[in-house]
Q: 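Can you keep this structure in mind? I'll have questions shortly.
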Amino acid sequence: MLADFLGIVGMLLISFAWVTTIKNIPPRSLSGIYSAGSFFLFLYALFSREVLFAMVNLFAVSVSLYQFLASFKKDEYSQHKKESSQESALELKSSPHD
């Protein structure tokens, strides 16, 4: 009973920590490796019938996979922003001066 309570508190604290960092997208390589590692730990926990460990790792897979996919969107946004600023600079350069 006490072990279950401690496990649930730990799971909730870890989950809360991950949720608070969801907007701080780490490097894609870290998110990808973390997703894969958490997925294998999730499978291990399932085979070991460790429900709390499985839940924590399933959540870890979800958050890190979200961050992995968001890193592509971030790169796309950065590229678009860079292209827009270059176009603006060209427009300013080519506009006639009074």
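Only a predicted model underlies this, so the values are computations on that prediction, with no experimental measurement involved.
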Q: Taking only residues two or more places apart in sequence or in another chain, which ones pass side-chain hydrogen bond (donor to acceptor under 3.5 Å, both in side chains) with S31?
A: none
Q: When rounded to the nearest 0.5 angstrom, what distance separates OG in S38 from CD1 in I33?
A: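 The distance works out to 11.5 Å.
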Q: Could you name each residue pair satisfying salt bridge (Lys or Arg N to Asp or Glu O under 4.0 Å) that touches residues 25-46, not counting sequence neighbours?
A: R28-D75
Q: Can you tell me how far the CG atom of L30 sits from the CD1 atom of I25, to the nearest 0.5 Å?
A: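 If we round to the nearest 0.5 Å, L30:CG and I25:CD1 are 12.5 Å apart.
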Q: Hey, could you give me each pair passing salt bridge (Lys or Arg N to Asp or Glu O under 4.0 Å) that has a residue in residues 34-44? Not counting sequence neighbours.
A: none
Q: With S35, which residues qualify under side-chain hydrogen bond (donor to acceptor under 3.5 Å, both in side chains), at least two apart?
A: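 With sequence neighbours excluded, S35 shows a side-chain hydrogen bond (donor to acceptor under 3.5 Å, both in side chains) to S64, given in chain and number order.
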Q: Throw together a table of side-chain donor-acceptor distances under 3.5 angstrom for residues 39-63, partners on residues two or more places apart or in other chains.
A:
unit_1: S48; atom_1: OG; unit_2: Y44; atom_2: O; d: 2.9
unit_1: N57; atom_1: ND2; unit_2: F53; atom_2: O; d: 2.9
unit_1: S62; atom_1: OG; unit_2: L58; atom_2: O; d: 3.0

